[in-house]
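Computed from heavy atoms alone, side chains included, the values below leave out hydrogens, waters and symmetry copies. Both ligands and their constituent atoms are indexed starting at 1 by order of listing.
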Amino acid sequence: MTKSARVVEVYLDTPGLALDKPFDYYVPAHIEQTIAVGQRVFVSFNRQYKAGIIWRVRGVETLPDNVKPILNQIDTAPVLTNELLVLATWLCNRYACTMNEAIGAILPGAFRVRGEAYLNVPPTSNVPDDVRATEVWRVVEAENPSMELLQGRFGKRIKSQLNAWLERGYILEEVRVKEEVKAAQARFLEARLDADALLALAAQKERRAPRQAALLRMLAEQSSLEWQTAEIARTTVEALVKDEAIEVVVREKSRLAWAAVPVVDPPVLTRWQAHALEQIGLALAVGSRQTLILHGVTGSGKTEVYIRAIEQALIADKGAIVLVPEIALTPQMVGRFYARFGERIAVLHSGLSKGERRDEWSRILRGEANIVVGARSAVFAPIHNLGLLIVDEEHEPSYKQEEAPHYDARDVAIERAAAAQAVAILGSATPSLTALHLVETGKAKIISLPVRANGRPLPQVEVIDMREELKAGNHSLFSDRLAEEIEATIAVKQQIILFLNRRGYAAAMLCRACGERMRCPHCDISLTVHRTGTMTTLVCHYCGHHQPHQPNCPACGEPAMRAFGMGTEQIEDALRKAWPKLRVLRMDVDTTRKKGSLKQMVDAFEAREADVLIGTQMIAKGLDFPHVRLVGVIAADTMLAVPDYRAHERTFQLLTQVAGRAGRAKTDGLTIIQTYRPDHVAVMAAARHDFETFYREERTGRALFRYPPFCELAVFVASHTDERLARGAAMRFERELRRFEGDAELVILPASPSGIRRIEDKFRYQVVLKYERWDAVQFAVVEAFRLVKLRMNQYGGACRLDVNAQRIG
Ligand SMILES: Nc1ncnc2c1ncn2[C@@H]1O[C@H](COP(=O)(O)OP(=O)(O)OP(=O)(O)O)[C@@H](O)[C@H]1O
Ligand SMILES: [Zn+2]
Ligand SMILES: [Zn+2]
């Protein structure tokens with residue numbers, strides 16, 4: 001068969017390196033008019049039905065014989081915009097991922113569907129009587145069943161018979177979506193007359209039909225409203241439809257509904273805020289490749305700056321994306337945006353159901369929402385005509401995705417802004433060294449908000465040397481000063497935040513007699529101690545393994561097991577014992593697992609239903625509680641001890657951020673940092689709000705030992721249950737790259753066990769690469785990676801490559 005036709009290139013929704021390329025299919029005549037790039041379609045591949053995305057459409061003179069047709073369209077309108085398709089290509093290059101991984105990161109899961117074949121009988125066909133007489137035929141004719149259903153009823157072997165029937169044209173198959181999350185729909189009442197005409201008609205009807213008149217007046221105000229049949233009677237609607245004053249329209253609507261937030265008057269900007277906005281306004285006006293770092297101290301009113309900047313973008317008919325850490329997506333932050341922009345806001349975060357995400361995404365695609373507030377993946381929201389991309393709390397590690405594609409939402413934001421001629425703003429009270437490096441190298445401009453918006457001072461910070469406490473005989477978790485201030489704060493009816501960056505009751509269970517440490521049987525890591533009531537459990541934070549605690553040591557038999565290294569549960573325990581009347585909330589991974597629990601806790605603390613909030617790093621992100629007077633850092637040292645080149649930066653940031661939760665409204669704030677290393681620069685600088693000193697010192701160290709931002713890291717990890725295979729793969733990767741060392745300024749650290757050598761019974765070996773520019777080494781690295789990965793997959797192991805890695809191991 002040859003004829004001129006249109007061919008589409010389709011990326012299949014299937015993992016695997018071998019399928020990481022587009023495949024050709026031709027477009028059957030009946031859908032030629034509606035086919036477009038960015039739509040999903042079903043095709044057949046290796047005798048299976050696969051969903052895929054149309055990547056390109058091209059015309060061909062003659063159609064090669066082996067090209068198969070598109071089986072069915074899933075969408076009539078594209079789900080991916082052109083801009084996002086370009087961004088997907090960029091992701092593949094920047095993070096060495098497959099197109100399938102890139103699209104998987106961009107498109108919400110609800111849009112990923114499986115196809116299923118349904119069978120039916122064509123209107124006319126020459127079917128022999130013996131076929132017609134079979135039970136299978138009768139089922140096909142009566143039920144239009146799926147292939148799967150028939151196999152369930154008649155056994156797997158029925159398939160070959162059905163295939164024969166298909167081939168002879170006795171029956172037809174049609175591929176449809178299996179288990180689709182459908183768009184939610186609702187009925188809307190829409191005006192067909194202009195407001196004046198509606199009001200005139202309402203006046204006429206006032207006496208005879210007051211309900212109709214009321215509805216007309218409502219529609220004069222908002223021209224369209226959702227029809228709640230409980231409130232507006234069918235007869236009322238029918239009468240007005242007959243008058244041709246209104247119509248009933250079925251449209252998609254979002255399942256997600258935010259409670260109405262009272263509209264607040266915008267505050268008068270401070271001098272600094274006004275200046276920052278001027279700078280942003282200039283950048284927006286120029287509208288090309290602009291990155292701004294907004295360095296504003298805690299409580300300086302960055303959110304207000306974002307809101308006004310978005311208003312400016314909207315005036316220019318442009319949309320905006322605001323990324324915030326997951327925790328900040330509570331009604332606090334979203335509420336502030338919602339109060340100003342109402343329904344033009346779409347929200348995207350992991351707490352939404354699949355359907356809700358789908359609805360929000362569709363609202364953005366349709367242009368109903370042109371402002372998106374969301375977590376990391378919202379950086380891919382399909383906003384048309386993007387003007388502004390804001391990354392709040394830019395220093396947060398959660399902007400980097402740990403799974404493939406290992407993208408960094410900050411990089412994506414900058415890239416997307418550049419491509420869309422938009423402005424990227426990275427905001428933080430403690431900008432990352434990476435962000436400041438952009439400023440130093442001329443790639444970004446910095447804007448400062450050096451004072452709090454309400455004129456309050458930054459909290460006073462005291463550092464308590466816990467070694468002195470011990471010497472003085474205080475063995476409690478709270479220093480005398482902290483205990484004193486807890487009481488003083490309660491006395492003035494203010495609130496307290498206690499911060500410790502370790503969840504659970506204790507970090508480890510050790511035997512005091514022989515030194516035995518309780519370890520996970522599947523991972524090379526200590527088991528964490530958890531306690532509920534009097535029950536003590538040992539839990540692995542990596543694989544979830546848990547076992548009851550035994551008082552006797554499994555090695556020496558002595559009843560000498562003891563918990564070491566306190567966690568948040570222990571703080572809660574000690575606090576309740578010391579001050580039984582205090583109302584305490586604990587916020588960490590363990591208490592916020594249930595959907596909505598995080599939001600509940602933030603709300604409860606904001607409503608002053610608790611006196612103390614104990615928490616991990618979760619609580620140090622952009623929360624604004626006006627009544628917190630005291631912040632206590634139980635141990636700054638837990639963060640310094642982490643074996644990571646970013647440990648000091650992270651400590652400084654967390655201390656500064658958590659200290660910044662104190663004294664945000666009327667009363668002066670106080671922060672007490674307990675530590676065994678009071679002279680550490682990260683602790684001292686945070687205590688003095690001395691960003692410059694910390695930055696200067698940390699920068700010097702990074703430059704000296706050549707760590708980011710003075711180079712970039714890529715981490716290759718091979719994992720397998722057989723340690724030799726994992727080590728072998730890492731060594732092979734290293735060997736492959738040694739050839740390129742030197743000519744591309746590539747530094748290769750030798751293959752070695754990862755920070756945790758074994759997780760879930762899989763051994764992990766890594767190779768760390770250092771280089772200046774990814775594009776200079778990309779080709780060699782990706783070639784080596786694909787080669788080793790393909791081999792490793794054959795052996796049942798896995799390989800990953802984290803480009804621009806934020807952590808080693
Ligand atoms: N111009 C202003 N005048 C008075 N109050 C303001 C002004 N701008 C913002 N605020 C208030 O100041 C408080 C702090 O603002 P916001 O939460 O935006 O700070 P932030 O810079 O994001 O701080 P953090 O980095 O600590 O999260 C909020 O309660 C906000 O309502
Ligand atoms: Zn022992
Ligand atoms: Zn484990």
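If you check which protein heavy atom lies closest to atom 25 (O) of ligand 1, you get Lys302 NZ, 2.7 Å. Nearest to atom 15 (O) of ligand 1 among the protein's heavy atoms is Gly301 CA, 3.5 Å. Considering only non-hydrogen protein atoms, atom 23 (O) of ligand 1 sits nearest to Gly299 N, 2.8 Å. The nearest protein atom to atom 26 (O) of ligand 1, hydrogens excluded, is given as Arg664 NH1, 2.7 Å; this is a heavy-atom distance. Scanning the protein for heavy atoms near atom 13 (C) of ligand 1, the closest one is Asp624 OD2, 3.8 Å. Closest protein heavy atom to atom 8 (N) of ligand 1: Gln273 NE2, 3.0 Å.
In terms of N/O distances under 3.5 Å, ligand 1 is not approached by Glu304. Ligand 1 has no nitrogen or oxygen under 3.5 angstrom from a nitrogen or oxygen of Leu623. Residue Thr303 has at least one nitrogen or oxygen atom sitting less than 3.5 Å from a nitrogen or oxygen atom of ligand 1, judged on distance alone. At a 3.5 angstrom cut-off on N or O pairs, Asn454 does not count as close to ligand 1.
Of the listed residues (Ala453, Gly296, Gly660), the one carrying the non-hydrogen atom nearest atom 7 (C) of ligand 1 is Ala453.
Using modelled atom types, one finds a donor on one side chain and an acceptor on the other under 3.5 Å when comparing Thr489 with Arg629. Side-chain polar atoms of Ser719 and Arg764 form no donor-acceptor pair below 3.5 angstrom. A donor and an acceptor atom, one from each side chain of Gln495 and Arg608, are nowhere located under 3.5 Å apart. When only modelled atom types and interatomic distance are considered, His545 and Gln547 share a side-chain donor-acceptor pair under 3.5 Å.
Of the listed residues (Glu396, His395, Gln653), just one forms a side chain to side chain contact (heavy atoms under 4.5 Å, CB included) with Ser428, and that residue is His395.
Salt bridge present: Arg308 and Glu304 bring a charged side-chain N and a carboxylate O closer than 4.0 Å. Between Arg664 and Asp624 a salt bridge is recorded (basic side-chain N to carboxylate O distance below 4.0 Å). Ion pairing between a basic and an acidic side chain is recognised when a charged N comes within 4.0 Å of a carboxylate O; Asp588 and Arg502 show no such pairing. By the 4.0 Å N-to-carboxylate-O rule, Arg456 lies close enough to Asp668 to be salt-bridged with it.
The side chain of Arg661, and not its backbone, has at least one atom closer than 4.0 Å to an atom of ligand 1 (non-hydrogen atoms only; side chain from C-beta on). With a heavy-atom cut-off of 4.0 Å, Arg456 does not touch ligand 1 at all.
When SG of Cys556 and SG of Cys511 are joined through the Zn ion (ligand 2), the resulting angle is 110° to the nearest 10°. Between the SG atom of Cys520 and the SG atom of Cys543, the angle centred on the Zn ion (ligand 3) amounts to 110° when rounded to 10°.
When each atom of ligand 1 is checked for a heavy atom of Arg336 under 4.0 Å away, the hits are 16 (P), 17 (O), 18 (O), 28 (C). The contact set between ligand 1 and Thr270, taken as ligand atoms under 4.0 Å from a residue heavy atom, comprises 1 (N). Residue contact check: Val268 has heavy atoms under 4.0 Å from atoms 1 (N), 2 (C), 3 (N) of ligand 1. Of all atoms in ligand 1, listed by their number and element, those nearer than 4.0 Å to a heavy atom of Pro267 are 1 (N), 2 (C), 3 (N), 7 (C).
Atom 10 (N) of ligand 1 is approached by the protein to below 4.0 angstrom, counting heavy atoms only.
Tyr399 does not carry Arg410 over the face of its six-membered ring by the limits of under 6.0 Å from the centre and within 45° of the normal.
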Margin query: Let's go through Lys400 and Asp408 carefully: what are the C-alpha distance in whole Å and the side-chain angles of both, what is the deciding distance for salt bridge (charged side-chain N to carboxylate O under 4.0 Å, His left out) to 0.1 Å, and is it a yes or a no?
Written below: CA-CA 4 Å; Lys400 172 82 177 175; Asp408 188 322; 5.5 Å; no
Would Glu402 and Arg807 satisfy salt bridge (charged side-chain N to carboxylate O under 4.0 Å, His left out), going step by step from the backbone distance to the final call? CA-CA 10 Å; Glu402 292 301 330; Arg807 297 187 310 173; 3.5 Å; yes
(Q) Run Asp722 and Arg724 through salt bridge (charged side-chain N to carboxylate O under 4.0 Å, His left out) and show every step you take. (A) CA-CA 6 Å; Asp722 184 339; Arg724 282 167 313 170; 3.0 Å; yes
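Because the distance cut-off is set at 2.8 Å, Cys523 qualifies as a neighbour of the Zn ion (ligand 3) through one of its N, O or S atoms.
Within the structure, the closest approach of Glu393 to ligand 1 falls below 4.0 Å when heavy atoms are considered.
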